[in-house]
Each structure stands twice: as structure tokens, then as C-alpha cells.
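What follows is a short report on a single structure.
Sequence lines set the chain letters: A, B, ... in the order given, protein chains first and strands last, and positions in each chain run from 1. Note that the structure is predicted; figures quoted are calculated from it, not measured.
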Amino acid sequence: MSTPDKTPPSHFIRQIITKDVSEGKNGGQVATRFPPEPNGFLHIGHAKSICLNFGLASEYDGTCNLRFDDTNPEKESDEYISAIKSDVEWLGFEWAGDIRYASSYFDKLHGYAVQLIEKGLAYVESLTADEMREYRGTLTEPGKNSPYRDRSIDENLDLFARMKAGEFDQGSMVLRAKIDMSSGNINMRDPVIYRILKVEHHQTGSDWCIYPMYDFTHCISDAIEGITHSVCTLEFEAHRPLYDWVLDALETPSHPQQIEFARLNLNYTITSKRKLKQLVDENVVSGWDDPRMPTIAGLRRRGYTSSSIRNFCEMIGVTKSDGTVDMGMLEFSIRDDLDKNAPRAMCVLQPLKVVIENYPADARETLSVSAHPKNEAMGVREIHFTKELYIDQNDFAEVPPPKFKRLIEGGEVRLRGSYVIKCNEVLKDADGNVIELRCSYDENTLGKKPEGRKVKGVVHWVSAETAVDAEVRMYDRLFTSENPDGDKEVSFLDVVNPESLVVLQGCKAEPGLAKAQPEKPYQFEREGYFVLDGKDASSDMLVFNRTVTLRDSWAKISG
RNA sequence: UGCCGAGUAGCUCAACGGGUAGAGCGCAGCACUUUGAAUGCUGUUGUUGUGAGUUCGAAUCUCAUCUCGGCUGCCA
């Protein structure tokens, strides 16, 4: 990516912070946080938030905390915590100090809840969940006060203490903030702030049987950590009045400012942790890190680089309008990166044998080919020219379509980095399938244009003698629908692309590819960008994942 | 028939003390080319959701109206 002296474009959050800093608000400091719930893997939408929060912190010379918002032990687990940590690190960000956990504030949170009760601003509710729903009213009708709303402070204190002590059954009581049952904002209709959950917590074990709700926890956690700008997504907009209410009601160390931005939507993909989990649980994909998943782990295994993802996040901007980004943008950002940084290699995906009739059977020439056409610093690689070669089946046509410029019977083509060959004869099997091409090479065309004619086509190839076998996994978008989630009649599970993974066996790779490493991408010339699979490749079997194809204007011409 | 938010090129975004709209992606064409890639050049599309008003002048200010999104978990 070309980034010289390019200041990042401003957006509304940068403007707010710039203004705050210049006015000396918060002592001119900036402190943000990225607060995932450990209930699934992070996805590309989280990457946007991570880049925003950590990016803002570093731009303003501030800090960004990584805090697990772990207030619902029923859905959370430790395995997600470690996955999230490594995703954030891989993206290239460093959190300030130790990792934070909302659960480590449980004592303080409990104290604040007691403080709220003492101020007459919270009460213990004994209505059932169903009754509470009825009392809450609807979007167009106000709610009505609970008969338990006016319990005395002492009674509330006693009841809350006994909730904490485990005297009551799960679901029998909750602690509610006493705000306004007629508010137009349903979040303000006496929201629940503590519930009984007789569940072990992955961090605090069996210390607690009551757990604070998000709205109560998040703002206080931010305040405890001295967060200055609490950046979150649009769906929390209606929660902001509650965020502010809690902090105004309590004597907290600070009062951060919540700012909402539009979450990322990408076409042809889903960014819902719940649905992503469903794909994993129902074995539609091989796991959270399946290369087709829009998770950070999946993109990483697929061959995306962290810088391409960071770049993408900068490219799409930050606003309050809820739009859908074209997949093409993500693909642009990875191609842009890999075109510059991935060494080139040749790999024949669907081999077709080629025999050079005028080349001696026992000869072998070693050719030095540059690893990158525009970057000599990347060095050279060695490939071999021998009597028997492979080219791709797609690069030969018995009946060429219009404008076809690869190999045809009687025609010539350049073998990339090598000689021009001519196809003299086509051999077929009993079913009429082309199984071998008998060709001749022009010995005067190595590094030279052929004399007296023009050869337009260039084709990738490999020596049958020195090529190494490989499995290549051709990945494509996971869904056939632009908006897999958009149709209420059709489940996203029904629009999974059956060709999102096509496994090619018996591919022939140039010998240097035997030393491929995970996360070290290559461009397979004329095919796309590929990377060794980090999980399934072994010392005796190369397995490559296709990250993305090359731009393909031929596909547009040929349909 | 509530509250909140958003509506600028196909997509993502700029234009922020009012002066008839720009970029990236995409797309098209040309050049170059031992990747039908990359690169370079050129070009493309907008009655700034709509209708009024203020003004010499409005994407920017005012009013009205329409459309879309979020909100009725003891989820986050």
C-alpha cells in the first residue's frame, strides 16, 4: 500500500477527540478500550472496531485497554479469551498494561449497586420475567410501575444481600434501576442491573451467584479505567442515556463519553457471532478458523495479512450511517498488499502433460527466474526445463474461443520465464479427453523474442521431473447471496455456496514451493495468491489455500 | 401508530463560519507487458431522498414530507 506522507482522512470521531484534546478535556488525554465478550471468535467487523480504538489511542498518544466484557458466564469461555488475545496481537496492536476483565470489578460493581439502593435509585423486583414484560409497555405505549417499586431502602438492601447470598432461586428476583417507566426510551424503563445466575464463571468460579448486566457494568468499567472516549456501535445509541444516568447517579472516578459509529456490514458474508457459531456447530465449516469464515482467524488462515485488514478498515471510513461495504474492497486491499509483497511462483493446478519432442530426455536446464517482476531485492528462484512438463488444462483449447491467446494445436505459446513452444500433436484417450501434448521448443527464444513472428500468449508451467505435488484448496465466497441474512423466508444456511471450497489434488508446484511456510504468501502466476495452510499441511503434503484470485479481465471477456 | 439515528456518484466516504460537488473502489477505453496480473494515462455516472422557504447564491440554514435502520432479553 502506498502510504507515504498520507494523513488519515478525518472522520467525526477524530473530530470530536481533536476538539476535546485541544480544549484540554480529560487533561488532554485519550484513553479508549476494546471490550469484546468472550463468547465467540472476533470477525472482520470487530477488526474495524479494534483498528478504530487502538488506532485512535496511538494517533493521540493515548492508551487502549483490552477488556473482556464477561458478565454472562452462560455463554462465555476461556478458549475464546485466548483466541481473542491472539487475534488482537496478530492485527498488530498492543493493549495498555494487563488485560482487563469486567469480572474483576464485580466487587466494586456490587458496591455501586448498593450505593444506588441507598440513594433510593434501585429496587429489588419480585415480578416474574413475563410480568415485567407486561409492565414494561410497548414501543408506543408507556409502561407502568411495578408494585414492588416502592419497597423501602432497608428492605431492598436486605433482599439484595440475600440475592447475593444465594437465598433465592435463579429468575425469582432482579435488581432494577428506578428511572422512568413512561420513558420513550425503553432502556430507561427501570432496567434490570443485576440478575441471579447460579452458574460458574470462567474467571471468578463460584464466587458469585448474581451477575451485573451490561448497561450497569460497561459504563462503570469505563469509568474505573479512566476511559475518555467509549466508542461503540450504533445499536447502543439508545443505551447512552442509561450509560450517562448510571454515572451521574453514582460517585465514580470519571464520566467517559460514549460515541457510536456504524458497524461494518460486508456483502456476501455474515457478521453475527451467533450465526457464525451456528456454521461451526453445524459443521458447515471446519471451525471458527475455517478459511471461508470472516473471522480474523479465518482470514489469517486464508492468507490475508494483518496490514491489508488494517488498510481496509482505514479505507472504509467511520460514520454513523449504516451501509454495506462491497467484498471487492476487502479483496482490493489484500491484492494490493500481496502484489507488492508476495514472491511469485508457478503451480499447475490441473496438469496436462507436455512432451518436448526436440529436447533430449536426459537433459535438464536450470533457469533463474526473478521472484518479483518489479522488485529485484526479492531475488531469484530456480526452476527446471526438461523434456516432460506440465501446463494447465485451461491453457490449451482444441476449439479456442474468440480472442483466446494460449496454446492451440499448431500454435505457439511462451512458457513463462522460459522458451516458446509449439504444439505439434494432441493425444487423446479412448473417451476423447486430451491427455498429452507433443510439442517442440524454439531454442532461440530463451530471454528473447522469437524471430519473424509474434507470440502473444504466456503460460505457466512446471517440470514434470522436478515438480512437487500439492493439494490446493480453492476458496470462494461462503454465500451465494449478496445479503445472506436479508431474506426472512430463506435462512443463511440455505444460501451457502456449495463451491465455496473446491479441493484440487495432484497439483504440480515448482520445487521451491516445497519450503513454503504458513503466513508467507505467494502469487501463483496467472492464478492468484496462495498460502500454505497452517493446520493441514505436513512435511509430506503441501496444502495451499487460495487467498484471492488475480483480477481477471479474461473472465469478463469470455464470460 | 413512540423514541433515537441515517439519507451526497453502482459501493465506501469527502466537501463542516452558505459560493452551482470530489476521492478511493468498481466500470470503460488506450498505452505498456514473457502474469489476460501489475503499472501509467483518459474517461464514466450525481436534479446532494423529496417539496417548499430564507438568500444574489444552499449538499450546507429553516419548515414540511418520504424512505431505511435500531430499540419492547433476567444478551452484549
Sugar-phosphate only, base, or nothing, as touched by A:Asp69 at under 4.0 Å among non-hydrogen atoms:
sugar-phosphate
Please report, rounded to the nearest Å, how far the P atom of B:G10 is from the CE atom of A:Met329.
14 Å
Using a cut-off of 4.0 Å on non-hydrogen atoms, how would the nucleic acid contact of A:Thr445 be classed: base, sugar-phosphate, or nothing?
base
With sugar-phosphate meaning primed atoms plus P, OP1 and OP2, does A:Met346 contact a base, only sugar-phosphate, or nothing at under 4.0 Å between heavy atoms?
nothing
Could you tell me whether the phosphate oxygens of B:A76, OP1 or OP2, come under 4.0 Å of any side-chain nitrogen or oxygen in A:Arg195?
yes
For A:Gly417, answer base if it contacts any base atom (sugar-phosphate contacts may also be present), sugar-phosphate if it contacts only those atoms, and nothing otherwise; contact means non-hydrogen atoms under 4.0 Å.
base
Which part of the nucleic acid, if any, lies within contact of A:Gln523, taking any heavy atom under 4.0 Å across all strands shown: a base, the sugar-phosphate backbone alone, or nothing?
base
Any Lys/Arg nitrogen of A:Arg14 or A:Glu59 sitting under 4.0 Å from an Asp/Glu carboxylate oxygen of the other?
yes
Rounded distance (Å) that lies between atom P of B:G69 and atom CD of A:Glu235
15 Å
Only residue of A:Arg406, A:Arg414, A:Arg416 satisfying salt bridge (charged side-chain N to carboxylate O under 4.0 Å, His left out) with A:Asp395 is A:Arg406
If I take atom NZ in residue A:Lys144 and atom C1' in nucleotide B:G2, what distance separates them, rounded to the nearest angstrom?
18 Å
How many Å lie between NZ on A:Lys405 and P on B:U35, as a whole number?
9 Å
Considering only atom C1', compute the distance from B:C63 to B:C27 and round it to an integer number of Å.
40 Å
Hey, does A:Pro373 reach any base, or is it just sugar-phosphate, or nothing, if we go heavy atoms under 4.0 Å?
base
Side-chain N or O of A:Arg335 versus OP1/OP2 of B:A38: is the shortest distance under 4.0 Å?
no
